[in-house]
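Take a look at the structure below.
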Amino acid sequence: MSQIPARDRLIVALDIPDVERASRLVAELGDSVTFYKIGYELGFAGGLPLAERLAGEGKQIFLDFKLHDIGNTVARGVASLSKIGATFLTVHAYPQTMRAAIEGRGDAQVKLLAVTVLTSYDDQDAAEAGYALAIRDLVRLRAEQARTIGIDGVVCSAAETSLVRDVAGSSMAIVTPGIRPAGAATGDQKRTLTPAEAIAAGVDYLVVGRPVTASPDPKASAEAIVQEISVAL
Ligand SMILES: O=c1ccn([C@@H]2O[C@H](COP(=O)(O)O)[C@@H](O)[C@H]2O)c(=O)[nH]1
């Protein structure tokens with residue numbers, strides 16, 4: 001995936017509470033951002049028609065709904081979301097869920113990404129949630145299962161890129177939230193790397209929310225990240 005242009009590797013998380021504000025931000029960012037992620041906040045506030053519109057206007061869309069339910073419900077949810085024209089859609093990396101997602105996607109074009117372990121978790125959080133494995137082992141296991149089941153890519157921390165690449169190979173996309181330009185506030189993210197570190201590690205796509213959306217100059221912040229990606233490629 002080394003042929004992906006630097007700009008198309010930046011996915012801006014549109015974590016914005018309403019469609020009007022999100023549309024204004026997209027207009028302000030203009031050509032500086034080609035790829036947007038829509039998750040709970042905007043999606044549950046009427047963001048799906050915006051996702052469809054942006055896809056129709058040539059932006060790439062990542063629907064980050066992290067689906068996880070009984071198989072029938074996951075399959076039907078994926079079937080509905082597959083009609084939007086998105087590039088990526090997330091499910092949690094549980095084998096039953098991943099198999100159901102593939103069934104629900106059918107012949108649609110959307111690529112399925114499996115969320116391994118949320119980037120806001122560290123080993124202590126995983127233990128508190130009942131997992132006996134350390135995060136890196138859990139990420140490795142889930143990446144292996146995603147590959148075996150036929151998922152298109154994984155979501156993990158950029159810090160796990162090399163272990164994921166080892167098990168997932170070069171054809172699966174590695175998509176990494178928890179990206180923080182040097183000096184940016186980490187907030188609730190616990191497994192972070194800078195854009196340059198993530199590219200050097202070999203990730204395909206970088207997901208960045210607050211460092212762009214909460215910036216006093218979102219376009220300048222997005223351009224600075226694209227520049228950092230270009231230099232590191
Ligand atoms: O493991 C994960 C999976 C998804 N996310 C999502 O990415 C963005 C990150 O936003 P920031 O403001 O840059 O922290 C957000 O929409 C999360 O839901 C993640 O962070 N970690």
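In what follows, residues are counted from 1 in the order of the sequence shown. We count ligands from 1, going down the list as the structure has it; atoms in each ligand are counted the same way. Nothing here was measured: the structure is a model prediction, and the numbers come from that model.
Ranking protein heavy atoms by distance to atom 8 (C) of ligand 1, first place goes to Lys37 CE, 3.7 Å. In terms of protein heavy-atom proximity, atom 9 (C) of ligand 1 is closest to Gln189 NE2, 3.6 Å. At the top of the distance list for atom 18 (O) of ligand 1, counting protein heavy atoms only, stands Lys66 NZ, 3.5 Å. Closest to atom 21 (N) of ligand 1, if we only count protein heavy atoms, is Thr119 OG1, 2.7 Å. For atom 11 (P) of ligand 1, the closest non-hydrogen atom of the protein is Arg180 NH2, 3.5 Å.
Note on Val167 and Val154: separate hydrophobic clusters, where clusters join Ile, Leu, Val, Met, Phe, Trp and Tyr whose side-chain heavy atoms are under 4.5 Å apart, directly or indirectly. When the side chains of ILVMFWY residues are joined at heavy-atom separations under 4.5 Å, either directly or via intervening members, Leu42 and Tyr40 end up in a single hydrophobic cluster.
Nearest heavy-atom pair across Asp69 and Thr97 is O-OG1, 4.0 Å. Leu233 and Ile4 make their closest contact through CD1-O, 4.4 Å (heavy atoms, listed as atom of the first residue, atom of the second, distance).
Salt bridge Lys66/Asp64: present, at least one basic N to carboxylate O contact under 4.0 Å.
Close approach to Asp15 involves these atoms of ligand 1, each under 4.0 Å from a residue heavy atom: 15 (C), 16 (O). Which parts of ligand 1 touch Pro177 is read off a 4.0 Å heavy-atom cut-off, strictly below it: atoms 2 (C), 3 (C), 4 (C), 5 (N), 7 (O), 19 (C), 20 (O), 21 (N). Interface atoms of ligand 1 facing Leu118, defined by a heavy-atom separation under 4.0 Å, are 1 (O), 2 (C), 3 (C).
Ring geometry, Phe44 versus Phe65: the interplanar angle falls under 30°, so the pair is classed parallel (tilted spans 30 to 60°).
Geometrically, ligand 1 and Arg210 share a nitrogen or oxygen pair separated by less than 3.5 Å. The N/O atoms of Pro211, backbone and side chain alike, include none that comes under 3.5 Å of an N/O atom in ligand 1.
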Trace of the salt bridge (charged side-chain N to carboxylate O under 4.0 Å, His left out) decision for Glu160 with Arg140 | CA-CA 9 Å; Glu160 289 120 29; Arg140 184 182 293 106; over 6 Å; no
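If you look at Thr213 next to ligand 1, there are no close heavy atoms at all, none under 4.0 Å.
A centroid separation of less than 6.0 Å is found between the aromatic rings of Phe35 and Phe88.
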